[in-house]
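Just so we're clear, the structure is a prediction, and the values are computed from it rather than from any experiment. The figures that follow rest on heavy atoms only: side chains count, while hydrogens, waters and symmetry mates do not.
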Amino acid sequence: MAPARRQDLTYRANVGVGRHGWLRLTPAYGVRLVRERLAGLPAGSVVTDPFSGTGTTPLAAAELGHRGQSIDLNPFLIWLGRTKTRDYSPAQLTATQSACAAVIAAARAATDQAPWLPALHRIEKWWSPQALRALGLLRAAIEARSAAAGAGGAPHHARAEAAEFEKAVEPAEIALLRLGLCRTLITCSNAAFNHQSMSFRDAQQWEFDAVLELFTTELETLISSAAEPLPGSAIIRAGDSREVPSDLEPADLVLTSPPYVNRMSYIRELRPYMYWLGYLDAPSDAGALDWEAIGGTWGVATSRLTSWQAQGSTPVEAELDQVCARIAADGGRSGPVLATYVRKYHHDMWAHFTGLERVLRPQGRVCYIIGNSTFYDHEVPAQRWFAAMLQALDYQDVQCCVIRKRNSNKALFEYAVTAQARKS
């Protein structure tokens, strides 16, 4: 029997599931899938995710009484993961309710002012004029409140030094207000989620007062789910998965879903949040950040592929050569660049795998949720190459199992690649 599509194992299953539903991101994997993989772990186990994304793994681990830890390059995703996994006291949630009312009042009192707006390309395509005005005044009120509390302005810029970012401590009410703004701006936008990533629908004419009312509703949703305590704990740190920090606590399980080799950019979908919260100032910032990420192809990340050269080789180099040659030959003008993209992706993942064991306990297990891809009808079997890389590093009991059918393309599936580290 062919595998089912299993939408219950995708990001769609996170909607309305407590903190997991706080902010939608298409590439996120489903919390149900994560919980199934965590089932049976002894209480207090250490679970590591080297590709944190929206923080699904560390949050699910903390909910089940484990210690979750993860890293990511994207400062917005680090902030989001920390916001989702922190503890919120009743006093902090009460303060957030009061802060929400104060922010709404400040926005109403400033209607004669011209608010700051982000430099998002063709911003009028995203929001109606009244919605933009309301969002700008809400943001200004939130940042004024943050400054008054001595917490500084908007979160750190994408190019901030990692050490500076690590020291940032944000008051709970400010974190929730900013997240409420994110939920509000995407709900009242013209963005449509009827595709793998963002597209646009017919313009929505949101009025000023309706946006303020929506902000209040979104804050109430966040406060309600934040009140549920986390039995375990979680940390999210800045880090590059190609050089997993060796000072992480040794993990009983590494559970992750890295970016797929399908040219889908996280930055593309995160743009509205990152611009409004000050993580991006210009398109060049987005491209530069995507270039640093594995599998990124936004803006300058694509052009830089033309000059990238592989250093060393991988255990799958012979087959990688063959697949890349076919993509380059059949892809017209884009073929050589896409072939380089595929090659760089797997060289980056090999760099990741070579440093993985130093953050695992002896006989710790790993589980990678990954999908294959096709370019010009040529399959890129990432799942099989992941397994081969782990075998080359002497991991034991390496298995590759299909989880589900991904979409209407009959060649695309999602897999779990699992293995066990050596005894010592």
Verify whether the ring centers belonging to [X] and [Y] lie closer than 6.0 Å.
X      : Y      : result
Trp127 : Trp276 : yes
Phe353 : Trp350 : no
Tyr273 : Tyr279 : no

Sequence-distant partners of Arg365, salt bridge (Lys or Arg N to Asp or Glu O under 4.0 Å), two or more places apart: Asp397

What pairs with Arg242 under salt bridge (Lys or Arg N to Asp or Glu O under 4.0 Å), at least two apart in sequence or on another chain? Asp240, Asp348

Could [X] and [Y] be called an ion pair, given the rule that one side-chain N must be under 4.0 Å from one carboxylate O?
X      : Y      : value
Glu228 : Arg19  : no
Arg406 : Glu414 : no
Arg237 : Asp247 : yes

If you round to the nearest 0.5 Å, how far is [atom2] of [Y] from [atom1] of [X]?
X      : Y      : atom1 : atom2 : result
Ile369 : Phe51  : CD1   : CZ    : 13.0 Å
Arg139 : Thr184 : CZ    : OG1   : 14.5 Å
Arg304 : Thr340 : CZ    : OG1   : 15.5 Å
Thr96  : Glu220 : OG1   : CD    : 12.5 Å
Ser225 : Lys84  : OG    : NZ    : 10.5 Å
Leu181 : Leu176 : CG    : CG    : 12.5 Å

Is there a side-chain contact between [X] and [Y] in this structure, where contact means two heavy atoms from C-beta onward sitting under 4.5 Å apart?
X      : Y      : answer
Ser52  : Ile71  : no
Leu305 : Ser303 : no
Asn74  : Ile78  : no

Taking side-chain contact (heavy atoms from CB on, under 4.5 Å) as the definition, give me every residue that meets it alongside Arg263, ordered by chain and number, with sequence neighbours left out. Thr297, Thr302, Leu338, Tyr341, Phe375

Among residues at least two apart in sequence or on other chains, which ones pass side-chain contact (heavy atoms from CB on, under 4.5 Å) with Arg122? Glu124, Lys125

Applying ring-ring contact (aromatic ring centres under 6.0 Å, His included), can you list everything that pairs with [X], at least two apart in sequence or on another chain?
X      : value
Tyr275 : none
Trp385 : His346
Phe215 : none
Trp308 : His347

Does Val380 form a side chain to side chain contact (heavy atoms under 4.5 Å, CB included) with Thr374? I'd like the steps, not just the answer. CA-CA 6 Å; Val380 178; Thr374 58; over 6 Å; no

Does the side chain to side chain donor-acceptor pair (under 3.5 Å) test come out yes or no for Thr418 and Gln399, once each step is laid out? CA-CA 5 Å; Thr418 58; Gln399 298 183 35; 4.9 Å; no

Glu143 and Ser146: side-chain donor and acceptor closer than 3.5 Å? no

Side chains of Glu379 and Asn372: any donor to acceptor distance under 3.5 Å? yes

Side-chain donor/acceptor of [X] to backbone N/O of [Y], under 3.5 Å:
X      : Y      : result
Glu319 : Val316 : no
Ser89  : Gln92  : yes
Asp252 : Val46  : yes

Under the side chain to side chain donor-acceptor pair (under 3.5 Å) test, residues paired with [X] that sit two or more places apart:
X      : answer
Arg422 : Glu357
Asp72  : none
Thr57  : Tyr29, Asp49

Which is it for His352 and Tyr368 under the ring-ring contact (aromatic ring centres under 6.0 Å, His included) test, yes or no, and what are the steps along the way? CA-CA 12 Å; His352 163 72; Tyr368 285 77; 5.7 Å; yes

Could you give all pairs that pass the salt bridge (charged side-chain N to carboxylate O under 4.0 Å, His left out) test and reach residues 57-70, with sequence neighbours left out? Arg35-Glu63, Arg67-Glu249

I would like to know whether Thr216 and Glu213 meet side chain to side chain donor-acceptor pair (under 3.5 Å); could you show each step before the answer? CA-CA 5 Å; Thr216 300; Glu213 291 170 5; over 6 Å; no

Under the side chain to side chain contact (heavy atoms under 4.5 Å, CB included) criterion, do Gln97 and Leu219 qualify, and how do the steps go? CA-CA 8 Å; Gln97 290 177 316; Leu219 254 295; over 6 Å; no

In terms of heavy-atom contacts, Leu212 and Ala134 come closest through CD2-CB, 4.3 Å

For Glu170 and Arg82, what are the C-alpha separation, side-chain angles and deciding distance, and is it a salt bridge (Lys or Arg N to Asp or Glu O under 4.0 Å)? CA-CA 10 Å; Glu170 187 179 33; Arg82 288 175 175 175; over 6 Å; no

What do the steps show when you test Cys188 against Leu135 for side chain to side chain contact (heavy atoms under 4.5 Å, CB included), and what is the final call? CA-CA 10 Å; Cys188 70; Leu135 293 170; 4.0 Å; yes

Around Glu243, counting heavy atoms of other residues, nucleotides and ligands shown, do more than 12 lie under 6.0 Å from its CD? no

Yes or no on salt bridge (Lys or Arg N to Asp or Glu O under 4.0 Å) for Asp321 and Arg343, after CA distance, side-chain angles and deciding distance? CA-CA 8 Å; Asp321 283 342; Arg343 186 181 300 280; 2.8 Å; yes

Checking side chain to side chain contact (heavy atoms under 4.5 Å, CB included) for the pair Leu41/Leu64: CA distance, chi angles, key distance, verdict? CA-CA 9 Å; Leu41 282 179; Leu64 295 173; over 6 Å; no

